[in-house]
Amino acid sequence: MTSSQALSQKVVIIGAGIVGTNLADELVSRGWNNITVVDQGPLEMPGGSTSHAPGLVFQTNASKTMTLFAKYTVEKLLGLAKDGENCFNQVGGLEVATTPSRYEDLKRKLGYAQSWGVEARLVDAAECKRIYPFLNEEIVLGGLHIPSDGLALAARCVQLLIERTREAGVVYRGSTPVTGIERSGGRVTGVETPDGVIPADIVVSCAGFWGVEVGAMVGMSIPLLPLAHQYVKTGPVPALKGRNELPNGAGLPILRHQDRDLYYREHGERYGIGSYAHRPMPVVAADLGLTPKHVDEHSMPSRLDFTPEDFAPSWEDSKEILPALREAEIEDGFNGIFSFTPDGGPIVGQHRDLDGFYVAEAVWVTHSAGVARAVAELLTDGRSQIDLGECDVARFEDVQLSRAYVSETSQQNFVEIYDVLHPLQPKESPRNLRVSPFNARHRELGAYFLEGAGWERPYWFESNAHLLDELPAEWQPAPRDAWSAQYSSPIAAAEAWKTRTAVAMYDMTPLKRLEVSGPGAVTLLQRLTTGDVSKKPGAVTYCLLLDEHGGIRSDITVARLDEETFQVGANGNIDLAYFTREARRQRAEDPAQWAQVRDITGGTCCIGLWGPLAREVVSAISDDDFTNDGLRYFRAKHATIGGVPVTVMRLSYVGELGWEIYTSADNGQRLWDVLWAAGQPHGIIAAGRAAFSALRLEKGYRSWGTDMTTEHDPFEAGLSFAVKLSKDDFVGKAALEGFSEDGSPRRLRCLTVDDGRSMVLGKEPVFYKDEPVGYVTSAAYGYTVGKPIAYAYLPSHVAEGDAVEIAYFGSRIRATVTPEPLYDPEMKRLRG
Ligand code: FAD
Ligand code: THG
């Protein structure tokens, strides 16, 4: 698209809340000028969540993306001024701990702040009291102080943005509900309102908790749940008297008391208190009716009546942490509505099947400007500078889009919003949503399951516990601290040992599998991937999907099964949405070049059979040729194993000889059983993801979403070997010109922990000469190498052999930058 075409794109934004108005502004600042913003409510106060948001901005989050969004919101609102007053009151943020586990968690959070570049400090109880004199020092153990946090003046920000974008030509239509989306030929063409159709090339729904209803207009299931959340204002608090001039003024830091699910801000001489301590109170937006012509602070659709009984315990807790509140009363309270999602992330991105329709919903004020910038970049530039993997509307599996699933998991998210959660902690419910055909066998073997993308995935098997008695001394895992020992078992060491020395079966069923077929399949894959997939049938290619800027969208394997049929091993539903959309576009441009993209994950299954004895196992039950020449490394073929028709691919994410063996779901259990029986003489075991993750890290294989995202190019991620620059044009190729390994300012590095035992789990900051210079992307205990491994992005000047430190709950773990991969760099195992 040329820039003059881009300028003429007609954009309609649904929703004039903090997200919609920021988006209009971000588009205007990128030169777009044909924008209409529509809201069902009056523009002065549309009545959505923004209209009553108290605006607390705590930036630090376990997610790098969310933290960077928040940082940008702060930066932008600080610069958004009128009459000498901006839109951010930078009073700082203080999160206090009243329990030892919370205090530990704040140390972990300090690590996130350091990893993502937010200035923060851990403070003791006395310092908390100094920063926040009204705190009850008898119950506070310490806190995390973030000086750049503060209060967003959300309503003012919206009004200033409306004013400045109007001056730039943006048209606003208040009190105008959108009732439908017009479309033609797979594209949006306009939005329907009672006053007629507004033509549009691009529609972005920024409808907040009404997102479900707007999504339904285009057949899109939006996985968010509107929930009420209690917010009260006290009457005048004597202790606050005279501290703040303005009625909404504040000078003290915003305060979080997460052990009691509470947060606090000042409103002049009053306190505002928010509570997540109550029962989840789901709302159906459609039931709220039409937004009235008149909306005010006390009467708006997003504000439900206060239920005082739900707040009673929180009021007692509030008077305990802030004794000054004992001199005050609750004056006003309401149950305000906003969006929750199954995983806590926002819902951002494009409709898979309708071009030009985008959403940006379930976004807090905190992240609003950041999300808006990301969407504006997506529209104007095809990609966002901050990775959107954790926000992408396409990240959910179909089964995760059912209302029952969204409702249950989003309510759970509300309940757990301030809980101390372990990174591996699984959902308790719903479980057994998706099970592989091997599930019955897994259970018989005592699998310990965790959940991912709805799948039950074995992490280790109790049936392997007896192997710990035989485990050679050099394979004994180091004892773990209590935190890293959670969701972990020493049995994984035995499973790793058997994989490296005998043979193991891994359930690879949850690996996303797509079938790309048709006369246009080669063209499609040649254009979207960095590899040459035009090789003869039987070839498997490891390659990347890049965005136009050379950022890594995914890493995949492409197996050419016959002239027009490819099987793609992908990373998730986001890849499916991308291929589907691009195949549709290709067909529209040239109908002869059609390609069909089918998600075959659920109808098929896969066993990874790996280990030095893998060949002994299959050759006992197959007449097909599994010798080195019979099926070479990175080749695929159809075969029959123990009477089961299979497709085999010779590759291994754990770095051992063997195959991924695929069959249809109905044949899965039989496949498991024949391999299991044939493997008995060779000591075959079932092995889980705990061993799997450790073995792949020893082999240096990257994991999408952590080790690389769209924020990284193939050079800094150490994946340039997967880019065939000699191939004709492909998405991202032009951007890579001029890039090189030597030119990258940062590199993904392998670190090994010096003491051979201290574990880290991921996202921890890495210090070089006492400065935070990077963060851990993946970590595991390397059973084969006998020490913990961490991969981390570090500045390129930090060299192999250099000493670094990783912060873990406030302590520093010494580590060394080590040449990679740690295991089998000569590939003797895989090619043998
Ligand atoms: P909204 O502000 O709800 O805007 C959506 C707009 O879309 C509405 O104006 C609506 O009228 C319009 N719309 C919907 N459907 C249609 C349609 N069919 N046609 C036309 N227009 C339509 N976040 C923080 O970061 N910090 C906080 O301290 C904080 N505190 C909160 C306290 C409470 C009590 C509540 C309820 C929320 C709080 N939040 C906070 C969350 C925050 O308010 C919201 O996440 C945020 O305001 C959402 O902004 P939005 O622009 O997406 O949605
Ligand atoms: N199996 C299959 N597809 C997949 C994965 C898988 N797709 C998604 C994800 N996992 C992709 N990740 C990798 C990472 C590394 C390798 C395979 C998939 C791998 N790499 C060889 C190497 O680096 O030595 C590539 C060698 C080559 O290019 O010839 O094997 O687990 N089916």
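Order of appearance sets the numbers: ligands from 1, and atoms from 1 within every ligand.
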Just list the side-chain donor-acceptor pairs under 3.5 Å for residues 42-50, sequence neighbours left out, or say none.
unit_1	atom_1	unit_2	atom_2	d
Ser49	OG	Ile337	O	2.8
Thr50	OG1	Ile18	N	3.1

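For Phe566, the ring pair (Phe, Tyr, Trp, His ring centres under 6.0 Å) criterion is met by no residue, not counting sequence neighbours.
Once rounded to the nearest 0.5 Å, the distance linking CG of Asn89 with CG of Asn248 reads 10.0 Å.
Neither side chain, Ser314 nor His278, offers a donor N or O lying under 3.5 Å from an acceptor on the other. Looking at Ser778 and Arg696, their side chains do bring a donor and an acceptor atom within 3.5 Å of each other. Judged by distance alone, the side chains of Gln159 and Thr21 never bring a donor and an acceptor atom under 3.5 Å apart.
Using cut-offs of 30° and 60° for the angle between ring planes, the Phe692 and Trp610 rings count as parallel. Using bins of under 30°, 30° to 60° and over 60° for the plane-to-plane angle, the ring pair Tyr542/Phe721 lands in the parallel bin. The aromatic rings of Phe311 and Phe306 sit tilted relative to each other, their planes meeting at an angle between 30° and 60°.
Listed as neighbours of ligand 1 are Ile14, Gly15, Gly17, Ile18, Val19, Val38, Asp39, Gln40, Pro46, Gly48, Ser49, Thr50, His52, Ala53, Pro54, Gly55, Leu56, Thr176, Pro177, Val178, Cys206, Ala207, Gly208, Trp210, Val214, His229, Tyr231, Tyr263, Phe334, Gly336, Ile337, Phe338, Val363, Trp364, Val365, Thr366, each bearing a heavy atom under 4.0 Å from the ligand. Annotation: ligand 2 has protein neighbours Met508, Leu511, Tyr542, Asp555, Thr557, Gly569, Ala570, Asn571, Tyr633, Phe634, Leu651, Tyr653, Glu660, Tyr662, Tyr701, Phe721, Met827, each with a heavy atom less than 4.0 angstrom from the ligand.
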